[in-house]
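Read the structure below first, then the notes.
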Amino acid sequence: MDFQLTEDQRALQGATRGLLAGRFGPDRLRAAVGDPAPDRALWRELGAAGFFALRLPEEAGGVGLGLPAAVFVFEEAGRALLPGPLVACQLLAGVVDGVASGEKIVGLCEGTRDPVLWEHPATCEELILVEKGTGCHDRAGRGAQGRTGGVYRSAADRVSCAPFASVDPLTPLARVTDLPRTEPLALDVPRLRREAALLTAAQQLGSAARTVELAVAHARRREQFGAPIGAFQAIKHLCAQMLVRTEIARCAVYAASVTDGDIDVTGAKLLADEAAVRNARDCVQVHGGMGFTWEAEVHLHLKRAWLRAECWCTAGEAEELLAADLIA
Amino acid sequence: MDFQLTEDQRALQGATRGLLAGRFGPDRLRAAVGDPAPDRALWRELGAAGFFALRLPEEAGGVGLGLPAAVFVFEEAGRALLPGPLVACQLLAGVVDGVASGEKIVGLCEGTRDPVLWEHPATCEELILVEKGTGCHDRAGRGAQGRTGGVYRSAADRVSCAPFASVDPLTPLARVTDLPRTEPLALDVPRLRREAALLTAAQQLGSAARTVELAVAHARRREQFGAPIGAFQAIKHLCAQMLVRTEIARCAVYAASVTDGDIDVTGAKLLADEAAVRNARDCVQVHGGMGFTWEAEVHLHLKRAWLRAECWCTAGEAEELLAADLIA
Amino acid sequence: MDLTCTEEEDAFRERLRRWLGEVLPTLPAPPAADDWPGRRAYDAAWQRRLYDAGYAGLHWPEDAGGRGATPTQHLIFLEETERAGAPYVGANFVGLLHAGPTIAAEGSDAQRARWLPPILRGDEIWCQGFSEPDAGSDLAALRTTAVRDGDHYVVSGTKLWTSHAEVADWCELLVRTDPDAPRHRGISWLAMPMDAPGVTVRPLRTLAGSAEFAEMFLDEVRVPVSHRVGAENDGWRVTMVTLSFERGTAFVGEVVACRRVLGALARAARANGRWDDAVLRRGLGRLHAEFAALWRLTQWNVSEAGAARPRGGRSGIGGVPGTGGSVFKLRYSQARQELYDAAAQVLGAGALDADHEWVAGRLSSLSYTIAAGTSQIQQNIVAERILGLPKGR
Amino acid sequence: MDLTCTEEEDAFRERLRRWLGEVLPTLPAPPAADDWPGRRAYDAAWQRRLYDAGYAGLHWPEDAGGRGATPTQHLIFLEETERAGAPYVGANFVGLLHAGPTIAAEGSDAQRARWLPPILRGDEIWCQGFSEPDAGSDLAALRTTAVRDGDHYVVSGTKLWTSHAEVADWCELLVRTDPDAPRHRGISWLAMPMDAPGVTVRPLRTLAGSAEFAEMFLDEVRVPVSHRVGAENDGWRVTMVTLSFERGTAFVGEVVACRRVLGALARAARANGRWDDAVLRRGLGRLHAEFAALWRLTQWNVSEAGAARPRGGRSGIGGVPGTGGSVFKLRYSQARQELYDAAAQVLGAGALDADHEWVAGRLSSLSYTIAAGTSQIQQNIVAERILGLPKGR
């Protein structure tokens with residue numbers, strides 16, 4: 001047992017952070033708030049860097065890495081608030097042509113939600129709809145249909161949808177009004193859901209870690225009553241609890257990426273959602289009035305965290321699955 | 001509208017506090033931990049002072065005061081940690097001879113709980129069992145039986161029970177193994193339950209207020225790192241939240257004593273339970289190691305608060321009743 | 001303890017209800033959220049209606065142009081206007097709740113005569129120039145300077161979180177008149193005309209997407225010395241009077257509104273099936289108790305203020321609310337956030353819809369533990385001023 | 001990242017399981033909770049069994065009499081002994097986890113030879129004399145004095161929270177050897193024989209009803225200078241080494257135990273019908289995720305310690321755990337309290353039964369946010385040492 005990052009994993013993490021810092025820094029983030037459509041050039045660059053082909057076998061032109069590698073990359077994407085249908089493109093690379101290279105952008109949405117929401121509708125060339133599954137992921141599946149059926153692929157212009165004002169400025173949404181079932185895709189649905197939940201959790205983790213940094217940086221810089229506010233226990237303890245949430249979620253997410261187990265992923269999603277949402281809120285509180293402005297980065301983390309918490313296993317679903325496991 | 005104590009009410013509060021301070025001070029409290037049976041002489045003295053006859057009409061030899069007066073007195077009893085079946089004796093004064101004067105001590109227990117617990121079994125001369133009601137109190141009642149039936153009175157030696165090691169050193173318990181239905185009593189069951197919940201909430205309020213005082217006194221006295229620990233924000237904010245809980249519960253309990261409404265009483269019990277339990281826990285935390293000793297008063301508040309929270313409307317029952325009221 | 005109303009109070013409520021029933025249907029549609037001139041006009045017109053009907057400055061003393069109502073009557077007024085869905089105090093907020101009461105308590109007769117009637121009539125709108133980039137929780141750190149030049153102060157600095165600045169006529173401004181004095185001693189309170197040369201306003205967009213706050217840049221703005229309220233360098237005390245109002249009855253209408261939202265949440269959950277989720281349902285039940293208790297605490301505080309009310313004199317606008325307001329604000333700001341988190345549970349994925357009023361409410365609820373004294377500061381106040389814990393650390 | 005065990009680790013686990021399966025059924029019934037001499041004998045006998053089987057001081061370096069096992073093997077040992085229901089470390093706790101590692105790291109060869117073997121064999125029991133009435137969170141405020149008299153120290157003072165004091169042979173004692181030095185600089189670490197004249201022990205009953213702690217009064221106790229470990233006045237550094245162990249792997253067995261209790265809670269709730277309460281059920285589900293993550297954090301910390309492990313030398317008992325232990329302790333102490341609060345929900349009114357083991361667990365869980373550094377102190381540590389926030393306030 002050696003539950004620490006290998007040197008390769010650390011290198012991957014560092015390279016991804018460097019790539020995103022260079023190509024999606026503070027200015028680009030600010031610009032994306034006004035125009036959140038993914039930058040096609042950046043998308044192709046990410047494709048060229050293997051971002052989407054990470055888990056494809058080398059025979060298929062991929063990088064041949066496992067789930068942990070994808071998790072490290074998604075953690076960085078979450079930290080950088082990179083917009084776009086990232087989970088969709090990661091999971092459909094190798095399934096839909098052109099996705100692995102970043103040439104094509106596709107969306108993925110859960111038909112079991114109410115309302116059914118589609119991220120970046122104007123950007124996606126196709127929409128993949130996942131119908132099956134009552135809640136999160138279920139490795140056992142419900143017969144053959146449970147394992148491989150219930151996924152449909154449609155050209156974007158075949159999907160009927162209504163406008164939806166997204167709470168997250170970086171993630172435009174549309175409400176799908178009529179579930180398109182154009183072309184069935186033979187995919188392992190429980191696995192798809194499980195991996196979607198894990199990659200979403202990895203982004204939440206990155207966001208949670210970033211808001212700790214933002215809060216600490218502000219608390220060290222901002223002075224009130226003749227001292228940096230980080231010298232006051234009230235602020236100290238808020239920041240300490242933020243770190244605790246992050247590190248607990250980190251262990252859960254990393255371990256789930258190794259075991260790829262249903263219950264591990266479910267628990268990781270629950271803890272990462274909570275870490276991202278509560279950290280973002282505490283980060284607003286530490287920033288005081290400055291955290292309440294549109295210009296501050298922190299509200300973007302909160303809104304995206306809310307959005308991700310509603311995707312691929314909500315807290316209520318996760319708690320029920322975890323409870324059921326206790327008596328399984 | 002004048003939601004403030006009248007001079008008479010303030011005087012009653014002061015007199016009760018004075019009486020209890022004189023007759024049940026720190027030494028008596030310490031002695032009661034070893035021998036929690038109510039002191040018969042004190043009980044008669046309380047009877048003579050009108051403690052139990054508070055709400056009986058003057059024609060019946062009572063004091064002729066209302067529910068608010070009983071609430072003030074029970075708040076003081078809760079603050080002083082006075083042991084004994086206080087709620088039973090308050091509610092059965094005028095129903096069972098000798099209770100109003102403090103000559104006789106009776107118990108009251110809820111047959112709907114699992115296990116059915118009897119407070120101070122060795123002290124009570126009679127046990128009154130309340131059978132009806134699924135949860136808290138229900139003014140509408142369920143037919144005539146709901147309003148007046150389901151209360152039975154038995155001599156203590158007619159009750160079968162098993163030993164039960166009470167978590168609260170001040171409240172011996174027995175588990176009633178066979179529900180005695182010896183002599184039916186014509187009582188308004190919903191009212192009985194409602195008043196029992198309110199008087200229990202009043203004791204919780206007194207306990208919550210007392211633990212704020214204990215925590216603040218300790219925080220002012222105890223020095224660590226060259227300052228009273230109350231100078232540190234971590235301790236300050238614990239104490240501040242304790243006060244907030246107390247004052248919120250106080251408003252709810254006092255208002256419920258005036259309106260005598262089901263929903264008001266239910267909400268008051270919920271908030272007072274929470275204030276008493278959480279304040280006692282925070283009081284332990286503020287005291288550090290010293291709060292963890294048997295000699296400190298604070299664990300007695302916590303244990304009694306746990307006990308009262310299980311009586312006459314638990315949190316889960318209260319929340320469901322309150323929720324139902326929202327859509328009534 | 002008496003929770004029933006007196007005959008006089010019942011009659012007052014009845015008369016108010018009748019009037020609201022008559023006047024509200026005649027109001028025009030409210031302006032769009034970002035139409036600031038429209039909102040000013042709308043809010044001012046409503047204030048004028050209140051004035052004409054005798055409800056303006058209800059709780060202000062009569063010698064300040066008010067109606068000298070009891071705190072209970074004021075509570076009834078706030079409760080009934082909220083219940084009836086009357087317009088909010090809106091752009092009149094600072095004038096009616098901050099600047100006006102301060103001028104009434106601390107101003108000269110001439111100042112009262114100049115500024116109070118236009119506030120009550122809705123003729124003049126005020127904004128607040130207190131916070132600065134480096135003076136938030138630590139308001140006494142403010143650095144905007146006012147240098148005496150003959151019968152004027154020359155004011156320079158930057159103010160932040162100035163609500164309604166773009167449409168205001170006047171600003172209640174805190175400035176440093178003695179840079180050498182201890183922090184709390186060198187501050188003065190000025191009434192600054194917003195059209196004075198050197199005043200620049202830049203809207204500040206919040207995370208909720210709205211722009212009702214602004215930054216205000218002051219570049220050698222000349223303010224007559226006669227516009228100073230209170231003595232020179234005595235502005236901190238004057239300010240504390242104003243701030244204590246902000247922490248008093250300002251939230252009465254909101255508590256009523258929250259209880260209405262809570263009922264709507266329960267009905268919406270019943271309609272969409274999420275009522276079957278016991279965690280959600282019981283959470284709403286708990287909030288029911290919470291807001292009922294907050295309403296009782298409001299009644300308690302109002303009754304206390306009524307009892308403490310001086311029988312005359314200038315400072316008697318309902319009695320200056322005490323530190324009890326901190327207890328209320330701590331719990332209320334948290335309960336409000338829990339309420340809108342519960343709304344998000346009721347909405348499910350619908351909580352991602354920025355156009356839903358509950359989602360807007362959820363976003364704005366985040367400011368409640370920050371604005372007008374963070375919860376951290378409020379806890380210090382409760383611990384030090386009510387519980388008597390030592391200052392420091 | 002590798003969560004599987006190596007072949008060597010698997011073999012170690014297999015051998016340990018086989019041994020536990022053989023030896024545990026042969027153990028006598030454990031003594032009553034308040035039979036302290038009986039508990040000492042029982043715990044010491046178990047330690048002797050471990051010693052004879054080669055499991056004593058598993059993670060201690062070989063030159064200290066240990067087995068030089070990897071942190072992972074130590075983790076496996078703690079996990080498997082807990083799973084198998086083996087006796088707890090009990091009375092051997094201070095010797096094996098505090099005093100022993102300190103002596104191994106800081107003691108002279110003679111001191112290691114004198115004290116370590118009897119600890120490993122279960123022959124000698126140690127207790128800890130650190131806290132004092134006025135030195136709790138602020139340990140450096142300790143006032144117990146040690147005055148040099150020839151080749152002895154004469155020690156006087158009062159110690160608090162000394163566990164197993166009544167049955168201990170030795171006490172690891174912190175004393176002030178230089179009253180004039182800065183607080184952290186005048187402290188020394190002594191090994192005091194508990195039968196020395198002048199030592200008086202008074203049991204201290206806790207709110208859980210047990211008396212495993214004591215007050216210890218020291219009245220001119222003579223301790224040989226040769227019993228000092230580390231240099232004179234260097235005791236604070238020596239102590240920090242010891243305390244960091246307390247915050248490291250000490251809770252491994254407990255996390256395993258908590259996960260077992262969690263499963264038992266779920267089954268009990270199913271049996272008594274309270275599983276239908278969604279609030280309770282979902283709360284247990286959440287705790288499932290919580291304790292699973294705490295277990296992963298333990299594996300993380302152990303792996304980190306393994307990586308940092310020096311390849312030899314005296315201080316290498318599994319590597320000194322770092323501040324990551326504070327993160328673990330903060331969350332674990334809270335999760336443990338939530339676990340037993342959930343147990344109370346499962347029990348309903350049965351949670352008032354002091355004889356129920358979950359009720360005892362609930363009471364003792366209250367100490368977890370206090371003992372070995374309160375959560376308030378731990379948060380300061382995390383904020384200052386990990387996050388780099390400024391000291392002070």
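Small disclaimer: the values here were computed from a predicted structure and weren't measured. Naming convention: chains lettered A, B, ... in sequence-line order (proteins, then strands); numbering from 1 in each chain.
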Tell me whether A/Gln224 contacts the main-chain N or O of C/Ser137 through its side chain, where contact means a donor paired with an acceptor under 3.5 Å. yes
Out of A/His299, A/Arg222, A/Glu319, which one racks up the most heavy-atom pairs below 4.5 Å with chain C? A/Arg222
Picking from [options], which has the most non-hydrogen pairs under 4.5 angstrom with chain A?
options	answer
C/Asp277, C/Val279, C/Asp353	C/Asp353
C/Ala211, C/Ser131, C/Ala344, C/Gly348	C/Gly348
C/Leu347, C/Thr374, C/Asp341, C/Val359	C/Asp341
C/Gly209, C/Ser375, C/Ala351, C/Ser367	C/Ser367
C/Ala140, C/Ala141, C/Pro133, C/Ala360	C/Pro133

What distance separates A/Phe292 CZ from C/Trp161 CH2, expressed to the nearest 0.5 Å? 7.5 Å
Looking at A/Phe164, I'd like to know if the NZ or CZ of A/Arg175 sits under 6.0 Å from its six-membered ring centre while staying within 45 degrees of the ring's axis. no
Is the Lys NZ or Arg CZ of C/Arg183 less than 6.0 Å from the centre of C/Trp236's six-membered ring, within 45° of the axis? no
Lys/Arg N to Asp/Glu carboxylate O, C/Glu290 vs C/Arg331, below 4.0 Å: yes
Chain C heavy atoms under 4.5 Å from A/Leu238: which part of the residue, side chain, backbone, both or neither? side chain
Mind checking whether C/Leu265 and C/Trp358 have side chains closer than 4.5 Å, heavy atoms only? yes
